[in-house]
Amino acid sequence: MKYLVLVLVFLVSLGSSSQDLNNATQFNKQDKIIVYGSDTCHYCIDTKAYLKERKIDFTYYDVDVNLEKQREMLIKLQKAGFSVDNLSLPVVDLHGKLIMNGTDFEGFLKKLIINKK
């Protein structure tokens with residue numbers, strides 16, 4: 001997880017071009033829920049299990065190993081006005097609305113159902 005934070009800080013310091021932001025707009029128009037997480041994060045594993053139990057279709061990306069999807073996640077967060085200084089996984093893209101895990105994991109999970117299309 002420390003590796004992820006270092007990579008995130010590095011990528012944020014590089015900034016993003018307007019082309020990247022245009023691509024992020026296209027990413028927001030998907031039909032499925034996207035979960036950005038890490039296979040070493042218990043909240044990410046629990047989130048996947050929660051969605052599977054409820055038969056909610058989603059796509060999962062491990063941002064520790066898939067750097068392209070990590071960058072996609074960061075661009076979406078920046079575009080939505082989220083600070084990536086204290087990034088907390090998982091980050092869920094619900095049809096263009098981003099939800100990030102915070103201090104209340106149960107509340108985070110409830111938002112996934114309430115905001116489901």
Side-chain angles (χ1 to χ4, degrees):
M1 195 63 161
K2 287 183 181 180
Y3 171 77
L4 175 63
V5 172
L6 291 174
V7 170
L8 293 175
V9 170
F10 174 74
L11 289 174
V12 169
S13 68
L14 290 176
S16 55
S17 68
S18 61
Q19 180 62 36
D20 288 337
L21 292 176
N22 289 337
N23 289 341
T25 303
Q26 293 172 355
F27 296 140
N28 285 339
K29 297 177 181 173
Q30 79 280 343
D31 293 328
K32 289 184 179 182
I33 294 172
I34 297 176
V35 178
Y36 299 98
S38 169
D39 288 344
T40 61
C41 164
H42 70 89
Y43 290 123
C44 301
I45 294 166
D46 291 349
T47 299
K48 292 190 304 183
Y50 182 83
L51 293 171
K52 285 178 185 176
E53 287 172 5
R54 285 153 183 78
K55 296 181 178 19
I56 297 173
D57 194 22
F58 68 96
T59 302
Y60 173 77
Y61 297 113
D62 183 342
V63 295
D64 281 341
V65 295
N66 189 333
L67 297 182
E68 180 181 333
K69 292 302 178 180
Q70 180 187 96
R71 183 160 173 76
E72 176 183 296
M73 175 190 70
L74 289 171
I75 291 168
K76 286 181 182 182
L77 287 168
Q78 286 178 327
K79 186 171 190 247
F82 283 92
S83 170
V84 293
D85 293 337
N86 294 317
L87 182 67
S88 181
L89 294 175
V91 173
V92 178
D93 184 338
L94 288 167
H95 315 290
K97 179 178 181 183
L98 296 180
I99 299 175
M100 186 169 22
N101 180 29
T103 57
D104 177 18
F105 185 63
E106 292 299 319
F108 165 78
L109 291 176
K110 288 178 184 174
K111 288 179 187 177
L112 300 180
I113 300 301
I114 293 170
N115 291 302
K116 187 181 140 224
K117 213 175 200 183

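Position 1 is the first residue of the sequence, and the numbers go up from there.
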Looking only at heavy atoms, which two atoms of [X] and [Y] are closest? And how far apart?
X: Leu67; Y: Val63; answer: CD2-O, 4.2 Å
X: Tyr43; Y: Leu89; answer: CB-O, 4.0 Å
X: Cys44; Y: Gly37; answer: SG-CA, 3.5 Å

- Message: Can you confirm whether Val65 sits close enough to Gln70 that some side-chain heavy atom of one is under 4.5 Å from a side-chain heavy atom of the other?
- Response: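 When only atoms from C-beta onward are counted, Gln70 and Val65 do not touch, as no gap falls below 4.5 Å.
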- Any side-chain heavy atom of Met73 sitting closer than 4.5 Å to one from Tyr61?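 No - every pair of side-chain heavy atoms lies 4.5 Å or more apart.
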Reported [atom1]-to-[atom2] distance for the pair [X] and [Y], which is rounded to 0.5 angstrom:
X: Ile56; Y: Ile33; atom1: CD1; atom2: CD1; result: 5.5 Å
X: Thr47; Y: His42; atom1: OG1; atom2: NE2; result: 10.0 Å
X: Leu109; Y: Glu106; atom1: CG; atom2: CD; result: 5.5 Å
X: Ile99; Y: Lys97; atom1: CD1; atom2: NZ; result: 5.5 Å
X: Asp93; Y: Leu98; atom1: CG; atom2: CG; result: 5.0 Å
X: Phe108; Y: Tyr50; atom1: CZ; atom2: OH; result: 10.0 Å

- Message: I'd like to know whether Leu51 forms a side-chain contact (heavy atoms from CB on, under 4.5 Å) with Leu112, so could you lay out the CA-CA distance, the side-chain angles of the two residues, the decisive distance to 0.1 Å, and finally the verdict.
- Response: CA-CA 8 Å; Leu51 293 171; Leu112 300 180; 4.1 Å; yes
- Message: Show, in sequence, the C-alpha distance, side-chain angles and deciding distance for Leu77 and Leu87, and conclude whether the side-chain contact (heavy atoms from CB on, under 4.5 Å) test is met.
- Response: CA-CA 9 Å; Leu77 287 168; Leu87 182 67; 3.4 Å; yes
- Do Lys111 and Asp104 meet the salt-bridge criterion of a basic N to acidic O distance under 4.0 Å?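 A salt bridge is absent here (no side-chain N lies under 4.0 Å from a carboxylate O).
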- Query: Hey, does the side chain of Ser88 reach the backbone of Asn101 with a donor-acceptor pair shorter than 3.5 angstrom?
  - Reply: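 Confirmed, Ser88 side chain pairs with Asn101 backbone.
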- Decide yes or no on side chain to side chain donor-acceptor pair (under 3.5 Å) for Asn66 and Tyr60, but give the supporting numbers first. CA-CA 11 Å; Asn66 189 333; Tyr60 173 77; over 6 Å; no
- Item | Ile113 reachable from Val35 in the ILVMFWY side-chain graph, under 4.5 Å edges |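 Same cluster.
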- Message: Run the side chain to side chain donor-acceptor pair (under 3.5 Å) test on Glu72 and Tyr36 for me, step by step, so that the C-alpha distance in whole Å, both residues' side-chain angles and the decisive distance to 0.1 Å come before the verdict.
- Response: CA-CA 10 Å; Glu72 176 183 296; Tyr36 299 98; 2.3 Å; yes
- Query: Between Asp39 and Lys48, does a salt bridge (charged side-chain N to carboxylate O under 4.0 Å, His left out) hold up when you go through it step by step?
  - Reply: CA-CA 10 Å; Asp39 288 344; Lys48 292 190 304 183; 3.7 Å; yes
